[in-house]
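Since the structure comes first, as structure tokens, the remarks are kept for the end.
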Amino acid sequence: MTIGNLMMTQLEHHHVLTALVENHPGVLARMAGLFARRGYNIESLTVSVTEDPAISRMTIVVAGDSMVLEQITKQLNKLIEVIRVVDYAELPSVLRELALIKVNAEPRDRSEIMQIVEIFRGRIIDMGERTFIIEVTGGSEKLDKIRELLNPYGIKEMVRTGIIAMARGPRTA
Amino acid sequence: MKMSGAHVVLECLRQEGVKHIFGFPGGVLLPFYDALYDCQDIEHILVRHEQGAAHMADGYARATGKVGVCLATSGPGATNLVTGITNAYMDSIPMVAITGQVRTAVIGKDAFQEADITGITMPITKHNYLVKNPEDLARVISEAFHIARTGRPGPVLIDIPFDVNKQVIEWDPSTYPKKVDIPSYRPNIRGHEMQIRKAAQVIAEAERPVLYVGGGAISANAQKEVTELAERCNILVTTTLLGKGAIDETNRLSIGMLGMHGTAYANHAVNNCDLLIAVGARFDDRVTGKVDKFAPDAKVIHIDIDPAEIGKVRFADVPIVGDVKLVLKELLKHVQPRPWSEWNDQIMEWKKLFPLIYPKDGKLYVEYIIDQVGEATNWNLIMATDVGQHQMWAAQYFKCRKPHHWISSGGLGTMGFGLPAAIGAKVACPDSTVVCISGDGSFQMCTQELMTASVYELPVITVICNNHSLGMVRQWQDLFYKQRFSQTSLEASPDFVKLAEAYGCVGIRVEKPEEVRPALEAALKVRKKPVVIECIIPTEENVYPMIPAGESVSEMKQRTDLEELKASLNTDSEAWSFSEEDKVLSEYVEEAESVQTP
């Protein structure tokens, strides 16, 4: 469920949707089931609580043309527990993702890696004898790029949160 | 006051106006059935298989428009409901299914008769609930009924663990919510004013309009509005399988069903129209065939309560989201009368060219049986059907005069639906004549419910059209699989007359056309027993017209003998007559009455 090597700039047919949902057990299963059943392709899905503990916010990156997107939005809205669905393609918005990357860090490579991390405004949050864990946030393109640059050192493990989104200015979801 | 969860459930059902529950007990439902033992206001119909319970609740809902209620125990009881719930979901039928669940403490531990029924039914319910706290019961039940009956109706499942039913809580029945408001669920029922005006304008400008009316018009109870629109604008009306009854089919503006086995003239009309007014219909593949070639020159006005239906299959030039009845009422304020048009004459011409017709050659055909059922009851009956060839013939030949008089499994195509659905309808409408048209294949999928009908003395008439085969699949093998009739022969069948009698029903066998009417007249006189009429029909008959799956109107197959039949229609009227068969009739009446005496 990650965006993998795809860059957001290439993702013309990808949309970032935000769904505000009642914070009930089973809501995620309903959403995931809906996507699977109707054959929609989820690229990433994140869920977390919002400023109101009774409401969760899901951010979904999906592939498909505008017809598919319209159906996804409508079908999501049909779920009883879905309060609202917003498509961020239409809005000026901030998209962010966080990645944790565990990379081989032999003593001879460490300063180079640290430079890369600094350029990407990331942080080294764990340092072992032979590894770093790097934390980096940003748009998907930026995360793809740092991954590419760290690849030669040997990435042992990587995890990404998937995109979260927020509209710019006073507008809220 | 102090009461158990089960008592709370029953009180909530009572307050929802539930009069009948179709169900089957089981271990985890013991507290519920114990509470039911003293309940005066709700009659429980004990079925023989939970699938029957779900279909009965479905038939009950279709006959009345009210929410049907079924009940099953945990595990296998609940999973046996699944087909029936899916059937209701596909056809947007309001239903509340209540299932027992194992104790909350052992949920998720593979306890005896545990099944994750909320997980299983997620994609086949409009919504479902697992109630873990008896304090939530009243809220959940009120929400379930609200969700089931409002917006686009559908089934809602409530899973109640043993201990939740058993636990005694303090609850005041007067606090049961009279009005439900779910902030995340507020269906839009009033159509957009501007779009409605635009629709009126588009109708005024159209030269070749057709009304295409589906089950949404039935659930919205919009027969009056559909008819008024059709009559004021002189627009001919074709209905889907589930839309039958949205206009009186004896009205000259009705051109019958469209789609795969629809009338040729309805399909030609839709194919050539320049405006398609879709009312509570969803452009199902059995209606459209090849979507690109469906009504290719038409603008589309699409009225539906479910926004997701609009644009799902076909782009709508004028989309209107709202309750069909309310939208049509509003639309009627804006549309001007239109005269009968040349376009309508053209459709009538097609009707003459490609009539629905069958031979009168002494063989017994389902078309004739349906005609006779209609005439024997003055077309005033609730007709339920099973699924297959007999269903399509019934849909073609049954002139449905009222909404809720046609009960058939559309979206899911569930064999075995007919008998239990007819039973549900009869429970709901004891004063109506209920006839189930079935086939030898379908009937054997829920035969056991004959016992239910028998025990509750429900005089449901089941007509089994026995062609000794799985006719519809056989038809496809005949037409598209080089007559390789793989596994579609049902040559070995039970003796349906004896089977009926074994269940305490009246059984009648009919082999000739002239025996049909007397058998029906006899059956209609039986008051306290179900009747099974087995009609032996030819095996090799196919349903025509037919547009093969995924094709367009241009590929429509007609009867090969259409021209001959049309010619004979003009020369000799009826090859034989039943009106002078009083002798045979009285014989049957005697027989039926003699069986009836206890």
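For clarity, every value in this text was computed on a predicted model and none was experimentally measured. Here is how names work: the chains are called A, B, and so on, in the same order as the sequence lines, proteins then strands, and each is numbered from 1.
- A 6.0 Å sphere centred on CZ of A:Arg110 holds more than 12 heavy atoms belonging to other residues, nucleotides or ligands.
- For B:Lys109, the NZ atom sits in a loose shell: 12 or fewer heavy atoms of surrounding residues, nucleotides or ligands are nearer than 6.0 Å.
- Checked by atom type and distance alone, the side chain of A:Lys74 pairs as donor or acceptor with a backbone atom of B:Ile310 at under 3.5 Å.
- Using a 4.5 Å cut-off between heavy atoms, A:Glu81 touches chain B through backbone and side chain atoms alike.
- Atom CG of A:Leu98 has more than 12 heavy atoms from other residues, nucleotides or ligands within 6.0 Å.
- Contact count versus chain B (heavy atoms, under 4.5 Å) is highest, among A:Glu22, A:Arg84, A:Lys78, for A:Lys78.
- Atoms CD1 and CD1, from A:Ile80 and B:Ile147 in turn, are 4.0 Å apart once rounded to the nearest 0.5 Å.
- The number of heavy-atom neighbours closer than 6.0 Å to NZ of B:Lys66, taken from other residues, nucleotides and ligands shown, is 12 or below.
- Few gaps surround CD on A:Glu106; more than 12 heavy atoms of other groups in view lie less than 6.0 Å from it.
- Within a 6.0 Å sphere centred on NZ of A:Lys142, heavy atoms belonging to other residues, nucleotides or ligands number more than 12.
- Looking at B:Arg186, there are no atoms closer than 4.5 Å to chain A (heavy atoms on both sides), in backbone or side chain.
- Both the backbone and the side chain of B:Asn128 come within contact range of chain A, judged by heavy atoms closer than 4.5 Å.
- Within 6.0 Å of the CE atom in A:Met166, the count of heavy atoms belonging to other residues, nucleotides or ligands does not exceed 12.
- At a 4.5 Å heavy-atom cutoff, the contact between A:Arg37 and chain B is made by side-chain atoms alone.
- Counting only distance, with no hydrogens or angles, the side chain of A:Gln75 and the backbone of B:Ala308 share no donor-acceptor pair below 3.5 Å.
- In this structure, A:Leu79 CG and B:Lys126 NZ are separated by 11.5 Å, a value rounded to the nearest 0.5 Å.
- In this structure, CD1 on A:Ile83 lies 12.0 Å from CD1 on B:Ile182, to the nearest 0.5 angstrom.
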Inset, instruction - Check the pair B:His127 / A:Arg30 against side-chain contact (heavy atoms from CB on, under 4.5 Å), numbers first and verdict last. - result: CA-CA 10 Å; B:His127 196 51; A:Arg30 277 180 216 284; 3.7 Å; yes
